[in-house]
Amino acid sequence: MTETASSTRPQLYGADYSVYVRIARMTLLEKGVAHDLVPVDIFAEDGIPDHHLARHPFGKIPAFAHGDFRLFETGAITRYVDEAFDGPALQPADVKLRARMNQIMSIADGYVYPQMVWGLYVECIEKPKRGEVADEARVEKARGIARISLNALAGLLAEHRWMCGDTVTLADLHLAPMVGYALEVPEVRGMFSEHRNLGDWWQRVTALESFLQTRPTS
Ligand SMILES: N[C@@H](CCC(=O)N[C@@H](CS)C(=O)NCC(=O)O)C(=O)O
């Protein structure tokens, strides 16, 4: 693991079940940056700890620190990690491809996470596990947006190996943990299987060391 941006070891605050924490961890691992995952329980009985709110006023995870430089919002963290440290470039140099990468990260945040993780995975898998009933209206809305999301992503991926071409970028890392949860839903697996190229891409993602090493423990 390298650590060349400064001698300070980056700290990532969060929990390994979190989609967004996993995106940041995958990015750090892809860059080869030695770091610590500092556990934070945002669902603690007494509420979000004050020390975490000081780092992240919205009380979400992850938060990040590199020396006295503090950051929250995963897209900002992953872009910083890519630019501040040595290691393989995770953002395309080409302006249009970089715009494509940013577009895919926005699709992930704006549609895939709220609809495919919350609207489908949480409603159809997590809620029944807790003995709760899925909100069918919520699922119906999510189903429609999931289809649009997968069509859009399959179109953008086209015949590339990775979302933005021949090498892994932040777009792949941003999508991977979200798709991982979404594919636990049988209906999403059905939709996904309609796109051969997404299936091939997923095989590559699931073979990444950074994906394997960040599997949630709970
Ligand atoms: N926009 C934030 C989203 C972070 C986020 O939603 N994290 C989730 C975990 S994956 C969280 O903290 N959820 C707790 C909550 O919403 O109360 C980012 O990009 O980092």
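Ligands are counted one by one from 1 in listed order, and the atoms in each one are counted from 1 as well.
Residues Thr74 and Pro62 come closest through the heavy atom pair OG1-CD, 3.3 Å. Residues Trp118 and Pro114 approach most closely at CB-O, 3.2 Å, considering heavy atoms.
With salt bridges taken as basic N to acidic carboxylate O contacts below 4.0 Å, none links Glu83 and Lys31.
By the side-chain hydrogen bond (donor to acceptor under 3.5 Å, both in side chains) test, Lys141 pairs with no residue at all, sequence neighbours left out.
Atoms CZ and CG, from Arg100 and Leu157 in turn, are 12.0 Å apart once rounded to the nearest 0.5 Å.
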Protein N/O near ligand 1 N/O, under 3.5 Å, which pairs?
unit_1   : atom_1 : unit_2 : atom_2 : d
ligand 1 : 1 (N)  : Glu73  : OE1    : 2.7
ligand 1 : 1 (N)  : Glu73  : OE2    : 3.3
ligand 1 : 7 (N)  : Ile61  : O      : 2.9
ligand 1 : 12 (O) : Ile61  : N      : 2.9
ligand 1 : 16 (O) : Lys60  : NZ     : 2.6
ligand 1 : 19 (O) : Glu73  : OE1    : 3.3
ligand 1 : 19 (O) : Thr74  : N      : 3.1
ligand 1 : 19 (O) : Thr74  : OG1    : 3.4
ligand 1 : 20 (O) : Thr74  : N      : 3.1
ligand 1 : 20 (O) : Thr74  : OG1    : 2.7

- Task: Give the intermediate values and the outcome of ring pair (Phe, Tyr, Trp, His ring centres under 6.0 Å) for residues Trp202 and Phe211.
- Result: CA-CA 11 Å; Trp202 188 241; Phe211 188 79; 5.5 Å; yes
